[in-house]
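Since we're looking at a predicted model, the values are computed, not measured. Along the sequence shown, residues are numbered consecutively beginning with 1.
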Amino acid sequence: MSMIKNISKAEVVVLKDQVAYQEGQVVSKTLAQNDALSVTLFSFDKGEEISTHESGGDAFVTCLDGVGEITIDGQKYELHEGESIVMPAKHPHAVHGKEQFKMLLVVVF
């Protein structure tokens, strides 16, 4: 089983500072991944997106910075800093940077 990686341990960190915005890109930084769990930080430049797809696990999203738009089963939800939403397993969903947007994604399989 893999451990937490790509982030300091035994040190207080600000999650939104752990992944940078890059013009015209979606940037991801994997913190943990195994058969039961995936933890990833993302940054989206304004207008960038991850197109509609499905996941085998429930995906818990927390907005760390900016404004994102989450679409689940065709319904749009706007997410602001400090807000969270669960994208249920096996339901089509997408993520769009309405403004520059950073999020923490935790998928539980």
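Atom OG of Ser84 and atom CG of Leu104 lie 8.5 Å apart (nearest 0.5 Å). Note: Ile4 CD1 to Leu37 CG = 8.5 Å, rounded to the nearest 0.5 Å. Here the SG atom belonging to Cys63 is positioned 6.5 Å from the CD atom belonging to Glu81, to the nearest 0.5 angstrom. A distance of 11.5 Å separates NZ in Lys5 from NZ in Lys29, rounded to the nearest 0.5 Å. In this structure, CD1 in Ile7 is found 5.0 Å from CG in Leu31, a value given to the nearest 0.5 Å. The structure places NE2 of His93 at 3.0 Å from NE2 of His53, a figure rounded to the nearest 0.5 Å.
Under a 3.5 Å cut-off, the side chain of Asp58 and the backbone N or O of Val108 do not form any donor-acceptor pair. Checking side-chain atoms of Glu48 against main-chain N and O of Asp45 turns up no donor-acceptor pair under 3.5 Å. For His96 (side chain) and Ala94 (main-chain N/O), no donor-acceptor pair under 3.5 Å exists by modelled atom type. Within the 3.5 Å criterion, the main-chain N or O of Ala20 finds a donor-acceptor partner in the side chain of Ser43.
Met87 and Phe109 fall within the same hydrophobic cluster, where Ile, Leu, Val, Met, Phe, Trp and Tyr residues are linked whenever their side-chain heavy atoms come under 4.5 Å apart, directly or through other members. Using a 4.5 Å cut-off between side-chain heavy atoms of Ile, Leu, Val, Met, Phe, Trp and Tyr, with links allowed through other members, Val26 and Leu64 fall into different hydrophobic clusters. Val86 and Phe101 are not part of a single hydrophobic cluster, where members link through side-chain heavy atoms under 4.5 Å apart. Under a hydrophobic clustering in which Ile, Leu, Val, Met, Phe, Trp and Tyr are joined whenever their side-chain heavy atoms come within less than 4.5 Å, directly or via other members, Ile72 and Val95 fall into the same cluster. Ile50 and Val27 are members of different hydrophobic clusters when ILVMFWY side chains are connected at heavy-atom separations under 4.5 Å.
Put simply, the side chain of Pro92 reaches to within 4.5 Å of the side chain of Asp73, judged on heavy atoms. In this structure, Lys46 and Lys98 have side chains that are not in contact, with every pair of non-hydrogen atoms separated by 4.5 Å or more. Proximity of Glu69 to Glu78: side-chain heavy atoms (C-beta onward) are nowhere separated by under 4.5 Å.
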- Query: Would Thr52 and Thr71 count as a side-chain contact (heavy atoms from CB on, under 4.5 Å) if you check the C-alpha gap in whole Å, the side-chain angles of each, and the deciding distance to 0.1 Å?
  - Reply: CA-CA 8 Å; Thr52 303; Thr71 304; 5.9 Å; no
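The one candidate from Phe42, Tyr21, Phe44 that meets the side-chain contact (heavy atoms from CB on, under 4.5 Å) condition with Lys102 is Tyr21.
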